Amino acid sequence: MNKRDHVLNAVVLAIGTGVIVAPDLDWTALGTVGMVGVPIVLGAMVPDIDTSIGSHRKTLHNLATLGVFVAFPFVFDNLHFVWIGVLTHYVLDLLGNVRGMALLYPWPEEYDVPVGVTVDSRWATVVTLAVTAVELLVVHLVVTTSHLVWLPGLG
């Protein structure tokens, strides 16, 4: 996906996740949208730093990077949802685009899922929104079954 579609995915996912977590749509819910949304947007932007530093779809598009961001809230007790942004960036790249990612970097082989469109496809934004809808469905399922899952930052 192109940068615009990644930003669109991150913002819609952040707002959607905030509303799913706090569906009352009052001032407290708005604060929850910010608390959840800002780290998600930040995390979603991190993998594409490798377009400037390193090798794109390799240096920061891998399971080791995701592991660092999953560990981050446990180590520093902040940005509890940053890993969601990183993970959903990977999901969008794997499901929305035809190019793979070097998930086991520094092993250079790129893995992919045989679906998606090219970055410059006229369908890229539609595919982005479809993948975002699937991601929000998963978030909804996790939150509604939260008695089975501990969500750091939400008590």
Side-chain angles (χ1 to χ4, degrees), residues 1-25 29-30 32-52 54-70 72-73 79-105 109-154:
M1 297 291 106
N2 60 41
K3 289 180 185 180
R4 186 180 66 83
D5 287 328
H6 270 300
V7 172
L8 175 65
N9 170 261
V11 170
V12 172
L13 187 70
I15 293 169
T17 299
V19 169
I20 289 168
V21 169
D24 294 334
L25 299 178
L30 184 61
T32 301
V33 168
M35 178 189 74
V36 172
V38 169
I40 289 174
V41 170
L42 291 173
M45 299 297 107
V46 165
D48 278 344
I49 293 171
D50 70 11
T51 60
S52 299
S55 184
H56 187 50
R57 296 272 181 118
K58 290 181 172 57
T59 307
L60 295 176
H61 285 73
N62 57 68
L63 297 177
T65 300
L66 178 60
V68 167
F69 284 96
V70 167
F72 193 92
L79 295 176
H80 294 282
F81 303 96
V82 72
W83 65 272
I84 294 173
V86 175
L87 177 63
T88 56
H89 182 109
Y90 293 179
V91 170
L92 182 59
D93 278 354
L94 285 172
L95 296 179
N97 196 291
V98 293
R99 182 177 171 199
M101 296 177 357
L103 291 172
L104 301 176
Y105 186 79
E109 184 174 346
E110 291 187 6
Y111 300 92
D112 67 343
V113 177
V115 297
V117 296
T118 59
V119 173
D120 58 353
S121 168
R122 66 186 181 122
W123 296 101
T125 301
V126 173
V127 171
T128 296
L129 291 172
V131 170
T132 305
V134 170
E135 291 170 337
L136 285 171
L137 177 62
V138 170
V139 168
H140 174 71
L141 292 173
V142 168
V143 169
T144 58
T145 60
S146 62
H147 64 282
L148 304 174
V149 179
W150 177 68
L151 298 172
L154 291 180

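Every value quoted in this text rests on a predicted model; they were computed, and no experiment measured them.
Heavy atoms only, all atoms of each residue included: Gly34 and Pro39 are closest at O-CD, 4.0 Å. Closest heavy-atom contact between Leu8 and Leu129: CD2-CD2, 3.7 Å. The nearest pair of heavy atoms linking Asn62 to Ala102 is CB-O, 3.3 Å. For the residue pair Trp83 and Pro73, the shortest heavy atom distance occurs at CD1-CG, 4.4 Å. For the residue pair Arg4 and Thr125, the shortest heavy atom distance occurs at NH2-OG1, 2.7 Å. For the residue pair Asp50 and Lys58, the shortest heavy atom distance occurs at OD2-N, 3.7 Å.
Taking CG from Leu94 and NE2 from His89, the interatomic distance works out to 9.5 Å, rounded to the nearest 0.5 Å. One distance of note links CG of Leu60 with CG of Leu66; it measures 11.5 Å at 0.5 Å rounding. Note: Thr65 OG1 to Tyr105 OH = 9.5 Å, rounded to the nearest 0.5 Å. Note that OG1 of Thr118 is 12.5 Å distant from CH2 of Trp123, once rounded to the nearest 0.5 Å. The CG atom of Leu87 sits 8.0 Å away from atom CD1 of Ile84, with the distance rounded to the nearest 0.5 Å. Distance check, rounded to the nearest 0.5 Å: CG of Asp24 to CG of Leu30 gives 12.5 Å.
Partners of Arg99 under the salt bridge (charged side-chain N to carboxylate O under 4.0 Å, His left out) rule, at least two apart in sequence or in another chain, are Glu110. For Phe72, the ring pair (Phe, Tyr, Trp, His ring centres under 6.0 Å) partners two or more places apart in sequence, or in a different chain, are Phe76.
Put simply, the side chain of His80 does not reach to within 4.5 Å of the side chain of Val36, judged on heavy atoms. Proximity of Asp112 to Val98: side-chain heavy atoms (C-beta onward) are nowhere separated by under 4.5 Å. Residues Phe81 and Thr17 are not in side-chain contact: their nearest non-hydrogen atoms beyond the backbone lie 4.5 Å or more apart.
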Side-chain donor/acceptor pairs under 3.5 Å, residues 130-137, sequence neighbours excluded:
| residue | atom | partner | partner atom | Å |
| --- | --- | --- | --- | --- |
| Thr132 | OG1 | Asn9 | ND2 | 2.6 |
| Thr132 | OG1 | Thr128 | O | 2.7 |
| Glu135 | OE1 | Asn9 | ND2 | 2.9 |

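Between Asp48 and Lys3, no side-chain nitrogen of the basic residue sits less than 4.0 Å from a carboxylate oxygen of the acidic one, so the salt-bridge criterion is not met.
Aromatic ring pairs are classed by plane angle as parallel below 30°, tilted from 30° to 60° and perpendicular above 60°; the pair His61 and His56 is perpendicular.
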